[in-house]
Structures are given as structure tokens and as C-alpha cells.
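Let me begin by presenting the structure, written as C-alpha cells, before commenting on it.
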Amino acid sequence: MSKLKFSFLVLMLMVSVSASADWAPADVQAALKKMYPTADDVAWSHDESYYVADFLMNGFDTKVWFDGQAQWVMQQTDWETMDEVPPAVYNAFASEYSGGMVQNVTWVQFPKWQSIVAVEVGMANLQTKYQILFTPTGEIIRARNVTYTYNPLGAATFL
């Protein structure tokens, strides 16, 4: 009898681990596979009411947001440096924030809005961190202090 209880306990543990490993509904996972058929080693998380898939694509950390109806709502590609940004963004940044130290660069795409380049920048000898949002043509959409902001590029920022 104790072997039966132990076997049942092990089986339940295995089921709960496998169920939590991919914690997005099947239709959301299917939508991701349709958009990104080569996406492997996907880690799922939640951001407010959205399901977020995190994986590597073309050597860059990529996060894709889906709503509860398995509709794609946002993608972020973490470029990390200014090497990938459009020339207009690079020039606009250099003219406005040349004294800043780039801490991260993210390409944000939406199905119905223009794409955005988000640059996090810090100033030498200060702990203050700013986020500057650019259009691909180099226009500054917004600059804000994100020193004490958790997840400055999450759903609350854009969705």
C-alpha cells in the first residue's frame, strides 16, 4: 500500500512539474510556433494579463507578448548596444545624449503601431537611469527617468 501511495505521489509531482514548465495555454503556444517555428527553449511568464515567451532568435534575447486570445501584441528584441539601431536613431542619440553611457537597447515591435527603439542610458558618476524612446526615423517620443522603475519595457509601458 505504501508503494502505491509513493508511486501516486511521484506521478502527481511529475504531472505538476510538466504542467508548470510551459505555463501558457495551448493556443498561445501554437500561435508562437506559427509566428516563430524555429523558437526553441521557450520560457513562459506573465506580465499583467499577457503571456510572454522568452527565447533566443538570431542571437538576440527575444520576448513576445500574447493576449488571452492568443493574439500577438508586442515583441521586444534585446540588442543591448547601439550597433543594430537605424542610423537616424544613432545620430539623434549622439546629438542629444552624447555624455550618457548606454546600458541597454531594445527594439520594440507592435502589430498595429510603429516600431520603437528604447535606449536606457546612465550618466557617469550618477545612479540615475533614463529611458529614451525613439521612432526608427530618430524622433524622440519620450524620455523618462526609470531609475526606480521595475520592468520599464513591460506591458504597463506600452499596452
Side-chain angles (χ1 to χ4, degrees), residues 17 20-25 27-159:
V17 168
S20 64
D22 296 322
W23 62 277
D27 58 340
V28 173
Q29 291 184 43
L32 175 74
K33 274 298 184 191
K34 185 176 181 183
M35 285 183 72
Y36 304 95
T38 61
D40 288 328
D41 298 323
V42 177
W44 288 97
S45 62
H46 278 103
D47 184 5
E48 296 189 6
S49 62
Y50 299 95
Y51 298 98
V52 184
D54 191 346
F55 56 95
L56 284 177
M57 184 171 69
N58 300 324
F60 296 106
D61 183 33
T62 302
K63 292 181 178 72
V64 181
W65 276 251
F66 291 93
D67 64 17
Q69 290 73 45
Q71 297 296 307
W72 171 61
V73 294
M74 179 171 65
Q75 174 184 319
Q76 294 180 0
T77 305
D78 192 1
W79 285 340
E80 296 181 11
T81 68
M82 296 292 282
D83 294 344
E84 304 292 326
V85 301
V89 173
Y90 185 87
N91 292 336
F93 179 83
S95 69
E96 293 284 327
Y97 298 95
S98 61
M101 297 171 13
V102 173
Q103 296 179 344
N104 197 33
V105 179
T106 306
W107 176 246
V108 186
Q109 297 170 285
F110 308 95
K112 298 179 182 176
W113 306 329
Q114 71 177 344
S115 297
I116 294 171
V117 177
V119 179
E120 283 187 23
V121 61
M123 305 309 278
N125 299 321
L126 297 174
Q127 291 190 2
T128 307
K129 182 169 53 171
Y130 293 94
Q131 178 188 70
I132 302 98
L133 303 179
F134 293 91
T135 67
T137 59
E139 178 186 341
I140 296 175
I141 299 169
R142 177 175 69 192
R144 67 183 182 139
N145 184 326
V146 294
T147 304
Y148 301 107
T149 304
Y150 171 74
N151 196 11
L153 288 174
T157 303
F158 299 113
L159 305 174

Does the side chain of [Y] come within less than 4.5 Å of [X]'s, by heavy atoms?
| X | Y | answer |
| --- | --- | --- |
| K129 | T149 | no |
| Y51 | L32 | no |
| F93 | V85 | no |
| V102 | T81 | no |
| Y130 | V119 | no |
| Q114 | I141 | yes |
| S45 | D54 | no |
| E84 | F60 | yes |

Would you confirm whether [X], through its side chain, and [Y], through its main-chain N or O, come within 3.5 Å as a donor-acceptor pair?
| X | Y | result |
| --- | --- | --- |
| D47 | A155 | yes |
| Q127 | T147 | no |
| S95 | A92 | yes |

Atom of [X], atom of [Y] and distance for their closest heavy-atom approach:
| X | Y | result |
| --- | --- | --- |
| P136 | S115 | CD-O, 3.2 Å |
| V89 | T135 | CG2-O, 3.2 Å |
| G154 | W65 | CA-CZ2, 4.4 Å |
| D27 | G68 | OD2-O, 4.4 Å |
| V28 | D67 | CG2-O, 4.1 Å |
| P152 | E120 | CG-OE2, 3.5 Å |

Would you compute the distance between atom [atom1] of [X] and atom [atom2] of [Y] and round it to the nearest 0.5 angstrom?
| X | Y | atom1 | atom2 | answer |
| --- | --- | --- | --- | --- |
| D78 | T62 | CG | OG1 | 8.5 Å |
| M57 | T77 | CE | OG1 | 5.0 Å |
| Q76 | K63 | CD | NZ | 7.0 Å |
| R142 | Q131 | CZ | CD | 6.5 Å |
| T38 | K33 | OG1 | NZ | 7.5 Å |
| L56 | D41 | CG | CG | 8.0 Å |

Sequence-distant partners of E96, side chain to side chain contact (heavy atoms under 4.5 Å, CB included), two or more places apart | I140

In terms of heavy-atom contacts, does CE of M35 have more than 12 from other residues, nucleotides or ligands at under 6.0 Å?
-> yes

Should we say atom OH of Y90 is surrounded by more than 12 heavy atoms from elsewhere, each under 6.0 Å from it?
-> no

For the residue pair F66 and W44, categorise the inter-ring angle as parallel (less than 30°), tilted (30 to 60°) or perpendicular (more than 60°).
-> tilted

Listed partners of F55 passing ring pair (Phe, Tyr, Trp, His ring centres under 6.0 Å), at least two apart | Y36

Criterion side chain to side chain contact (heavy atoms under 4.5 Å, CB included) on M74 and T157, from CA distance to verdict = CA-CA 11 Å; M74 179 171 65; T157 303; over 6 Å; no

